[in-house]
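Quick caveat: nothing in here was measured; it's all calculated off a predicted structure. Every number for a ligand or one of its atoms is a count from 1 in the order of the listing.
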Amino acid sequence: MGIEPQRHITLIGAGLAGALLATLMARAGWRVEVFEKRGDPRVQGYAGGRSINLALTERGRHALRMADADDAVMRQAVMMRGRMVHALDGRLQLQRYGRDDSEVIWSIHRGDLNITLLDLAERAGAVIQFNRRLESVDFDARIARFVNERDGGVHPVGFTALVGADGAGSSLRGAMQRREDLGERTEFLDHSYKELEIPPAADGGFIMEPNALHIWPRGHYMCIALPNDERTFTVTLFLPNEGDPGFDSVRSGAEAKALFLRDFADAVPLIPRLEQDWDANPTGLLATLYLERWHLRGQAVLLGDAAHAMVPFHGQGMNCAFEDCVALAHHLQSTQDLAKAFAAFEAERKPNALAIQEMALENYVEMRDKVDDTGYLLQRELELSLQQRHPDRFVPHYTMVSFMRIPYAVAQHRSHVQRDLLVRHTAGRDALDGIDWAAVDADVLARLPVLEETAG
Ligand code: FAD
Ligand code: E0Q
């Protein structure tokens with residue numbers, strides 16, 4: 001057996017996907033170089049960007065396990081058993097996500113997670129250079145040019161292949177696009193978001209139920225809050241760009257406070273810095289990014305948000321990006337031919353990314369308008385009964401997405417069949433009594449084959 005030359009890969013971006021992929025590849029024996037435009041968050045504090053915390057589910061946890069990162073991450077995680085729905089009159093209702101505490105999701109701090117993954121990547125042997133922004137790529141000479149964000153200096157770096165883990169505004173995608181049309185299309189949502197903070201109670205504890213994702217559904221808009229392990233909550237208000245209310249009519253912290261007093265009254269005493277936060281924090285845009293091609297032969301490939309940014313309403317963007325990392329690492333290990341590996345990665349992941357992008361868009365309407373609707377609640381009741389009657393066939397939509405690792409496209413297809421079944425068998429009813437169970441069961445057996453959890 002000869003000594004194989006060490007294989008080499010250059011990653012752009014040391015965010016969530018970049019840091020995880022660096023760990024996986026370095027552990028597989030690759031020489032891994034990573035370039036990140038921001039400073040090292042361990043030195044200068046986390047620069048933030050976007051939401052402060054994220055929901056981590058089984059897909060993401062499985063990927064973290066592949067890198068032996070799950071334990072370190074879970075030490076800082078807060079369990080969320082379900083949605084705590086805040087009605088307009090302040091009444092609360094917990095809707096469990098799963099059957100029991102074995103089916104829960106986790107709130108994690110984005111900055112802490114990134115730091116944990118950066119430490120692991122470096123310990124595995126990856127070399128991470130901070131303050132290096134990819135500026136351009138010469139694909140013929142195989143040279144990438146980086147700008148030093150502090151002194152403006154330009155650094156040419158030779159590469160074998162580039163991986164773009166540089167997020168929704170990916171510079172590598174831009175460079176690839178200049179070389180070859182990737183078939184890129186961005187669909188902006190006509191809603192945006194603003195983040196606010198709920199501090200701990202006077203005694204230092206959580207001021208609301210910590211083990212839940214709080215949600216204030218209000219028809220065309222909504223608020224959510226996720227717990228942080230430092231006893232705070234991060235609140236995110238999603239609002240149309242135009243309308244009443246809309247970001248064009250709520251122009252100041254004072255106007256935001258008036259909106260909250262009217263529509264989210266129980267939250268107002270919990271957000272003491274509402275007006276200041278409103279004025280200081282940027283308004284975030286939301287979009288879905290579709291690409292026809294994710295790779296340039298064997299020279300460059302995109303993953304995570306760089307390849308398929310999605311709206312956040314299913315809490316799956318990071319989870320999907322982590323699944324991408326495991327898939328790409330697997331395909332890179334399976335062949336010496338980079339072009340083949342990238343093509344196989346794209347073929348596996350593109351249909352699934354599209355499926356979760358579509359499900360995330362659908363979940364916005366569901367979250368803001370349906371979770372407190374009586375027809376929806378009856379469908380959920382039938383869903384629970386059918387889950388008990390046919391546990392190997394009728395698996396709730398949320399379970400397939402968040403607690404299983406079946407391909408997103410399979411989850412989407414089965415969800416559509418199930419939704420149709422739920423709607424048809426609850427139509428015209430306000431309770432389940434009198435339902436024709438024989439007909440419902442026959443429908444299930446005919447339309448839903450046994451679901452193999454091969455990924456268990
Ligand atoms: P990023 O995390 O954006 O990392 C990209 C990295 O590349 C950054 O470090 C950036 O500095 C660096 N970079 C950028 N350009 C360059 C360059 N030119 N050169 C070098 N480096 C560069 N997902 C979930 O799973 N659960 C949730 O609950 C959830 N909630 C969300 C809530 C909101 C409001 C939003 C907006 C998103 C949410 N997401 C959630 C999605 C999640 O944030 C993203 O899917 C995830 O961050 C994607 O990871 P990434 O590594 O692809 O990109
Ligand atoms: C989750 C967990 C930003 C965000 C993140 C999320 C979720 C939601 C609504 C939002 C979806 C759900 N959800 O509760 O069905 O499960 O991550 Cl808005």
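Contact atoms of ligand 1 toward Gly15: 4 (O), 6 (C), 9 (O) (distance under 4.0 Å to a heavy atom of the residue). Close approach of ligand 1 to Gly13 (heavy-atom distance below 4.0 Å) involves ligand atoms 7 (O), 12 (C), 21 (N). Taking every heavy atom of Ser171 and a limit of under 4.0 angstrom, the matching atoms of ligand 1 come to 17 (C), 18 (N). Taking a cut-off of under 4.0 Å to the non-hydrogen atoms of Arg132, the atoms of ligand 1 that pass are 19 (N), 20 (C). Within the listing of ligand 2, atoms 5 (C), 6 (C), 17 (O) sit less than 4.0 angstrom from a heavy atom of Gly315. Close contacts between ligand 2 and Asn363 involve ligand atoms 11 (C), 12 (C), 15 (O) [criterion: under 4.0 Å to a heavy atom]. Close approach to Gly317 involves these atoms of ligand 1, each under 4.0 Å from a residue heavy atom: 23 (N), 24 (C), 25 (O), 41 (C), 45 (O). With ligand atoms numbered from 1 in the order given, ligand 1 contributes 44 (C), 45 (O), 46 (C), 48 (C), 52 (O) to contacts under 4.0 Å with heavy atoms of Asp305. For ligand 1, the atoms closer than 4.0 angstrom to any heavy atom of Ala17 are 51 (O). Heavy-atom proximity to Met367, at under 4.0 Å, picks out these atoms of ligand 2: 9 (C), 12 (C), 14 (O), 15 (O). Numbered from 1 in the order shown, with element, the atoms of ligand 1 that lie under 4.0 Å from a heavy atom of Leu134 read 17 (C), 18 (N), 19 (N), 20 (C). Heavy-atom proximity to Met222, at under 4.0 Å, picks out these atoms of ligand 2: 18 (Cl).
With a heavy-atom cut-off of 4.0 Å, Arg110 touches ligand 1 through its side chain alone. Only the side chain of Tyr193 comes within 4.0 Å of ligand 1, counting heavy atoms alone; its backbone N, CA, C and O stay farther away. Under 4.0 angstrom from ligand 1, there are no non-hydrogen atoms of Glu135. At a heavy-atom distance under 4.0 Å, only side-chain atoms of Ile105, from C-beta outward, approach ligand 2. Here Arg83 has side-chain heavy atoms under 4.0 Å from ligand 2, and that is the only part of it that gets that close. Residue contacts with ligand 2 for Met80 are absent, since no atom lies close enough (heavy atoms, distance under 4.0 Å). Neither the backbone nor the side chain of Leu54 has any atom closer than 4.0 Å to an atom of ligand 2 (non-hydrogen atoms only).
Considering backbone and side-chain atoms together, Ala306 places no N or O closer than 3.5 Å to any N or O of ligand 1. For Tyr398, a nitrogen or oxygen atom sits less than 3.5 Å from a nitrogen or oxygen atom of ligand 2, counting backbone and side chain alike. Between Gly315 and ligand 1, at least one N/O pair is under 3.5 Å apart. Between Glu36 and ligand 1, at least one N/O pair is under 3.5 Å apart.
Between Tyr193 and Phe238, the ring planes lie tilted relative to each other; the angle falls in the 30° to 60° range.
Under a 4.0 Å N-O distance rule, the pair Arg96/Asp101 qualifies as a salt bridge. Comment: Arg419 engages Glu366 in a salt bridge, judged by a side-chain N to carboxylate O separation of less than 4.0 angstrom. Ion pairing between Lys37 and Glu135 fails under the 4.0 Å rule for side-chain N and carboxylate O. Between Glu323 and Arg405, none of the side-chain N atoms (NZ, or NE/NH1/NH2) sits under 4.0 Å from a carboxylate O, so this pair counts as no salt bridge.
A donor-acceptor pair shorter than 3.5 Å can be found between the side chains of Glu33 and His8. With hydrogens and angles left out, the side-chain atoms of Glu348 and His331 include a donor and acceptor closer than 3.5 Å. With hydrogens and angles left out, the side-chain atoms of Glu255 and Ser249 include no donor and acceptor closer than 3.5 Å.
Closest approach of Leu88 and Arg262 over heavy atoms only: CD1-O, 4.1 Å. A pairwise comparison of heavy atoms in Asp324 and Gly304 identifies OD2-N, 3.0 Å as the closest pair.
By heavy-atom distance, the residue among Gly304, Ala165, Ala321, Gly164 lying nearest atom 6 (C) of ligand 1 is Ala165. Checking Pro312, Cys223, Ser107, Ala55 against atom 4 (C) of ligand 2, the nearest heavy atom belongs to Pro312. Comparing Pro312, Ala168, Ala287 against atom 31 (C) of ligand 1, the shortest heavy-atom distance belongs to Pro312. Atom 30 (N) of ligand 1 has its nearest heavy-atom neighbour, among Leu54, Leu16, Val147, Leu11, in Leu54.
Atom CG of Asp112 and atom CD of Gln76 lie 4.5 Å apart (nearest 0.5 Å). For the atom pair CD (Glu230) and CD1 (Ile52), the distance works out to 9.0 Å, reported to the nearest 0.5 Å.
Contact between Thr236 and ligand 1 is absent, with no heavy atom of the residue lying under 4.0 Å from the ligand. Distances from ligand 1 to the non-hydrogen atoms of Met310 include no value under 4.0 Å. Assignment of Tyr364 to the shell around ligand 2 is not supported, since no heavy atom sits closer than 4.0 Å.
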Task: CA sep, side-chain torsions, deciding dist, call: Leu56, Leu113, side chain to side chain contact (heavy atoms under 4.5 Å, CB included) - done: CA-CA 11 Å; Leu56 174 68; Leu113 172 65; over 6 Å; no
Open item on the list: Quick one, Asp140 with Arg179, criterion salt bridge (charged side-chain N to carboxylate O under 4.0 Å, His left out). Give me CA distance, side-chain angles, the key distance, then yes/no.
Closed with: CA-CA 10 Å; Asp140 294 319; Arg179 177 71 184 220; 3.0 Å; yes
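Closest protein heavy atom to atom 7 (C) of ligand 2: Leu213 CD1, 3.8 Å. What sits closest to atom 8 (C) of ligand 2 on the protein, heavy atoms only, is Phe313 O, 3.6 Å.
With a 6.0 Å cutoff to the six-membered ring centre and a 45° limit on the axis angle, Arg83 counts as a cation-pi contact of Tyr398. Geometrically, Lys194 engages Trp278 in a cation-pi contact, judged by NZ or CZ lying under 6.0 Å from the ring centre and within 45° of the ring axis. Taking the centre and axis of the six-membered ring of Tyr408, the NZ or CZ atom of Arg59 falls inside the cone set by 45° and 6.0 Å.
For Phe345 and His295, the distance between ring centers is not under 6.0 angstrom.
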